[in-house]
Protein chains: 2
Amino acid sequence: MAERVVPERQRRRRRPTRQGVVLSRQLIVDTALRLVAQHGAEALTVRRLGAALGADPSAIYRYFRNTDDLLLALADELIGRAQHGWRPTGDWRADLREIGLRIHRAYQAHPQAALLAAHRTTGRTHETRAVEAILGVLRRAGFPAPEAVRVYHAFVDQSLGFAALDAAALALPAAAQAADREVWQADYGRLPADTHPHIAATAPQLAAEMRRSGYPYALELLLEAVAARLPGPAGRAD
Amino acid sequence: MAERVVPERQRRRRRPTRQGVVLSRQLIVDTALRLVAQHGAEALTVRRLGAALGADPSAIYRYFRNTDDLLLALADELIGRAQHGWRPTGDWRADLREIGLRIHRAYQAHPQAALLAAHRTTGRTHETRAVEAILGVLRRAGFPAPEAVRVYHAFVDQSLGFAALDAAALALPAAAQAADREVWQADYGRLPADTHPHIAATAPQLAAEMRRSGYPYALELLLEAVAARLPGPAGRAD
DNA sequence: CACCTTATGACAACGTCATTGACGTGTGAA
DNA sequence: TTCACACGTCAATGACGTTGTCATAAGGTG
């Protein structure tokens with residue numbers, strides 16, 4: 001078994017499966033995302049993916065080296081969907097905000113997949129395009145290369161970190177998800193003021209706040225601090 | 001099978017295993033962390049944990065309902081270790097910085113476990129103590145309850161998000177980890193200036209920057225923005 | 001010290017998982 | 001029309017989490 005996987009470009013014979021489906025990397029990726037969206041991350045197994053495709057599970061290994069290879073393809077697909085149709089407006093702050101929220105949104109749309117994919121560096125086309133776009137926004141804003149790179153790093157990892165964190169919450173089974181929310185209402189709501197005065201004093205706000213994502217606010221904080229560091233008179237000369 | 005797990009408090013008979021080990025929740029948690037540190041997250045299986053303990057795998061189910069229950073215990077243990085020995089100094093900014101870096105450090109020390117645990121809300125003792133401490137720092141700094149809660153949320157989730165992200169990188173098998181670093185040097189280093197001008201212009205800095213964690217810088221940005229929002233004359237009156 | 005209850009460790013089994021080697025069939029080129 | 005081989009299928013392997021059952025030793029009781 002030298003190499004089971006044939007590069008997509010040089011595929012010629014496309015034999016349909018017993019159930020009449022013609023396989024391809026794209027079809028497998030799409031089906032995997034759909035599967036994960038419908039039945040959760042734990043439904044993403046080679047066997048079930050095979051069933052969903054109408055093919056023998058082992059057929060997938062003709063297109064992906066292993067499940068990790070498939071996972072990287074899912075990750076890059078998500079990045080691609082986040083970027084789809086985006087154009088810079090020239091307002092660096094609005095552009096960064098939009099990119100950040102798009103990444104977050106794209107991952108929330110497939111929480112189960114995001115959970116698996118957010119931590120990976122794919123180095124594939126969609127990813128490099130995104131990196132180029134963000135660096136472009138920062139450098140056009142007037143940041144010198146070293147600062148632009150530092151801000152890029154903080155910005156991207158903040159977005160991905162929150163995306164993964166929030167995806168994880170959404171990815172929990174419905175019951176566990178409700179239980180998690182309950183913790184803030186019940187558990188934290190009942191802590192006595194003498195042992196936990198600050199929690200007791202803010203319990204209602206806490207319960208309300210922890211229901212949403214902390215990302216939009218954290219993103220604003222980051223953008224604010226970055227703006228304060230822009231070289232030139234009071235943030236942008238032109 | 002009403003309930004297999006007996007609460008730790010009311011355990012009396014501690015029968016040693018065939019290999020002479022006396023089990024307990026704490027011993028199991030410690031062993032699990034050691035296992036994960038030595039052999040990676042994928043080594044954390046009930047069967048191998050049993051072997052590492054010198055016990056039959058099924059004995060673990062006398063102490064934890066299932067692997068998820070065990071995972072939450074690991075998560076709370078990590079939070080506890082991060083907090084261990086911390087005392088507020090009265091300087092809110094230094095205190096938050098210290099807490100943030102401690103969380104990050106504690107999780108990096110057990111990347112494999114962090115990866116599994118960072119997204120969970122345990123609601124257990126160590127966690128509530130940490131929440132109380134952070135809210136205390138913010139309220140003593142002068143933030144009114146609603147703002148304190150918002151900042152708390154952004155601060156904690158940013159810390160956990162980065163912790164998980166950076167842990168994921170450390171958690172990769174050594175080979176994949178080296179490959180990931182290589183992507184920035186080789187892959188991104190070779191992109192032509194006409195298709196990816198901004199990457200090409202910053203490639204060396206990019207390769208150097210992406211080698212470290214983006215967290216410390218992102219944390220400074222957050223603290224800076226938060227300081228600017230402190231009520232009172234130019235951030236803190238006293 | 002002997003008895004009894006039962007907590008708790010051990011064993012065996014089930015169904016599912018990713019992965020792989022061997023097989024044979026239908027495709028597309030010649 | 002032929003023919004090589006790409007690729008779908010089959011079967012098997014070893015590891016996984018979890019559970020029902022059994023048996024034994026710990027520890028309270030007298």
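Every chain is numbered from 1, with letters handed out A, B, ... down the list of sequences. Just the heavy atoms: all of them, side chains too, but no hydrogens, waters or symmetry mates, feed the values below.
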Separation of atom [atom1] in [X] from atom [atom2] in [N], rounded to whole Å:
X: Arg15(A); N: dG24(C); atom1: CZ; atom2: P; value: 12 Å
X: Leu23(B); N: dA10(C); atom1: CG; atom2: C1'; value: 12 Å
X: Ile60(B); N: dA10(C); atom1: CD1; atom2: C1'; value: 13 Å
X: Phe64(B); N: dG17(D); atom1: CZ; atom2: C1'; value: 16 Å

No-H, no-angle donor-acceptor pair, Arg4(B) side chain to dT8(C) base, under 3.5 Å: no
Do the side chain of Arg18(B) and the base of dG9(C) come within less than 3.5 angstrom through a donor-acceptor pair of N or O atoms? no
Base, sugar-phosphate alone, or nothing: which one does Tyr63(B) contact when heavy atoms must sit under 4.0 Å apart? sugar-phosphate
What is the nucleic acid contact for Thr67(A), judged by heavy atoms within less than 4.0 Å: base, sugar-phosphate only, or nothing? sugar-phosphate
Closest listed nucleotide, where the reference is the side chain of Asn66(B) and the choices are dT18(D), dA22(C), dT19(C): dT18(D)
Choose from dG9(C), dG8(D), dT8(C) the nucleotide whose nearest atom is closest to any side-chain atom of Val6(B). dT8(C)
Looking at DNA chain C, which of residues 35-57 of chain B put a heavy atom within less than 4.0 Å of it? Ala55(B), Asp56(B)
To the nearest 0.5 Å, how far apart are CG in Leu72(B) and CZ in Arg65(B)? 11.0 Å
